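Submitted below is the structure of interest, expressed as structure tokens.
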Amino acid sequence: MARYESVLDTVGGTPLIRLTRAAAGLRPRIYVKPEWQNPGGSVKDRAALWMLRRAEADGSLRPGGTVVEVTSGNTGIGLALVAARLGYRTVVFTSSGTSREKRDQLAAYGAEVRLVDAFVPREHPDSMRSRGARFAAETPGAWFVDQYDNPANPAAHIATTGPEIWADTNGEVTHFVATVGTGGTISGTGRYLREASDGRVRVIGADPATSLYAGGDGSQKAVEGAGHVLHPDAAADVWPQALDTDVIDRFIAVHDQDAIDAVRRLARTEGILAGGSSGVALVAAFRVAEDLTEDDTVVVLLPDSGRAYLSTYFNDQWLCANGFRGPAPAEGPVVGDEACVARLVERDERPADAVRRLAAAGAADDDAVLVVYPRPRRLLAAHPSELLGWTTVGRLRAAPSVSDAVRPLGPRLGIGLPLSDPAVTGWTAADTEVAPVLDRGRVTATLSRRTLAGPPPTTQPPTASDGADVG
Ligand SMILES: Cc1ncc(COP(=O)(O)O)c(C=O)c1O
């Protein structure tokens, strides 16, 4: 066994593991790189160590200083452990969407965790980024890490991840597949592998279906870490400077449900427990592999472990509550049996136009209509984060603006949730007559509290891939 003088020396040096059962029927050799074998449990330990060491070297961070970052968890964990070892204070701004396990891990390293509403445009003074940057500017001795635009983030992968993959495959790697968040991993590793192979290695960006990197509509997704989303009210779409699109040959878009299915299967067929963004990478890698031969070697980077998602992707209740297909279908009547197809109105639409459009589509005056943020285009049905409330065609008729007609929504309900579930039976708030219904993480239908007692509606709910009814 190797012997180390500090936990910092254990960052990097993760192995490659060949997939056999999960990759059955595919011709190339497929290896995964389990980045949770880093001490903080993710690929981001590498960037965290590099960024912090660079800040020490250039004087941005001095003894007694404070490390400040905005993160969906893993970068904060990496920074927190490095900072703990080197004696710095760490303050992390993250969202309530970050898994409970990651927030608890941050606190365990002594980091201060500030929870911020993530669904705010980047330039807004209350956005995670604005809050983090402001806190750093106002705190003496603070250094704002800014992983999205920090060149030491991709540099960590040029120095470590790329050389490791090249050496461990004896230079035989032909394809490298990774997800893209800040872009640090794919840009640095991809650049190294491209250069080491004289341009032979193909670099594939695996992206959640709605992420803008692969041409999505920018709406939210279920998997944490990977992809690039845009708040509907954002002034501009700003891509990270850590991302070098020149090294990426192509992007492959992957649906949340497929990514979740992939990691669940990986755990059961290979004994490898990976997180949701790993599922995005795996699905993309398997798609790439379909067109390859026995001479090819595909390396898939798995950013973190499924242990951080035992309460989500590996939890049957969570899957059901969010409309994802779980392992066992429910017995008895479910929410989908009583739900109606979702009709949408965008917040900025003129009420008269909305009424005309909805009436032409067959909506009656007292039909429920979900009010959502505006988007130039919708690839899939709306994400629950885009819901502003509900209204009716009749109320829209009388309202000066859509916002004036909005009412609060009932609980979010998964399409396969039994009607006997406490989330349904416990739905009593008097002013919430309508609840949004989720199919595979998207809002495809509505459930009216009144219909629960009455006869079932005639309209069948659509599936997530049908998109939603917006004019
Ligand atoms: C779970 C997970 N997957 C993927 C990524 C993307 O990595 P990168 O920021 O290097 O593009 C991250 C980044 O934080 C992550 O936490």
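Remember, predicted model here, so these are calculated numbers, not experimental data. Just so you know, ligand 1 is whichever comes first in the structure, and atom 1 is the first atom listed for that ligand.
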- Message: Surrounding CZ of Arg200 (heavy atoms of other residues, nucleotides or ligands, distance under 6.0 Å), is the total greater than 12?
- Response: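 More than 12 within 6.0 Å, yes.
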- Task: Determine the interplanar angle of the Tyr213 and Phe251 rings, folded into 0 to 90°, and report it as parallel if under 30°, tilted if 30 to 60°, perpendicular if over 60°.
- Result: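 If you compare the ring of Tyr213 with that of Phe251, the planes turn out parallel.
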- Look only at the side chain of Thr66 and the backbone of Ala142, and say whether a donor-acceptor pair between them is shorter than 3.5 Å.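 No, because the side chain of Thr66 does not come within donor-acceptor range (under 3.5 Å) of the backbone of Ala142.
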- Specify the closest pair of heavy atoms between Pro208 and Ala226, including all atoms of both residues, with the distance to one decimal.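 Nearest pair, atom of Pro208 first, then Ala226: CG-O, 3.7 Å.
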- Task: Fit a plane to each ring of Trp318 and Phe324, take the angle between them on a 0 to 90° scale, and name the class: parallel (under 30°), tilted (30 to 60°) or perpendicular (over 60°).
- Result: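 Rings of Trp318 and Phe324: parallel, as their planes differ by under 30°.
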- Message: Heavy-atom contacts with ligand 1 below 4.0 Å: which residues, ordered by chain and residue number?
- Response: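 The 4.0 Å shell around ligand 1 contains Lys44, Asn74, Thr179, Val180, Gly181, Thr182, Gly183, Gly184, Thr185, Glu224, Gly225, Ser277, Pro303, Asp304, Tyr309.
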- Message: Just to verify, what does Glu386 make a salt bridge (charged side-chain N to carboxylate O under 4.0 Å, His left out) with, not counting sequence neighbours?
- Response: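 Glu386 satisfies salt bridge (charged side-chain N to carboxylate O under 4.0 Å, His left out) with Arg375, Arg378 only.
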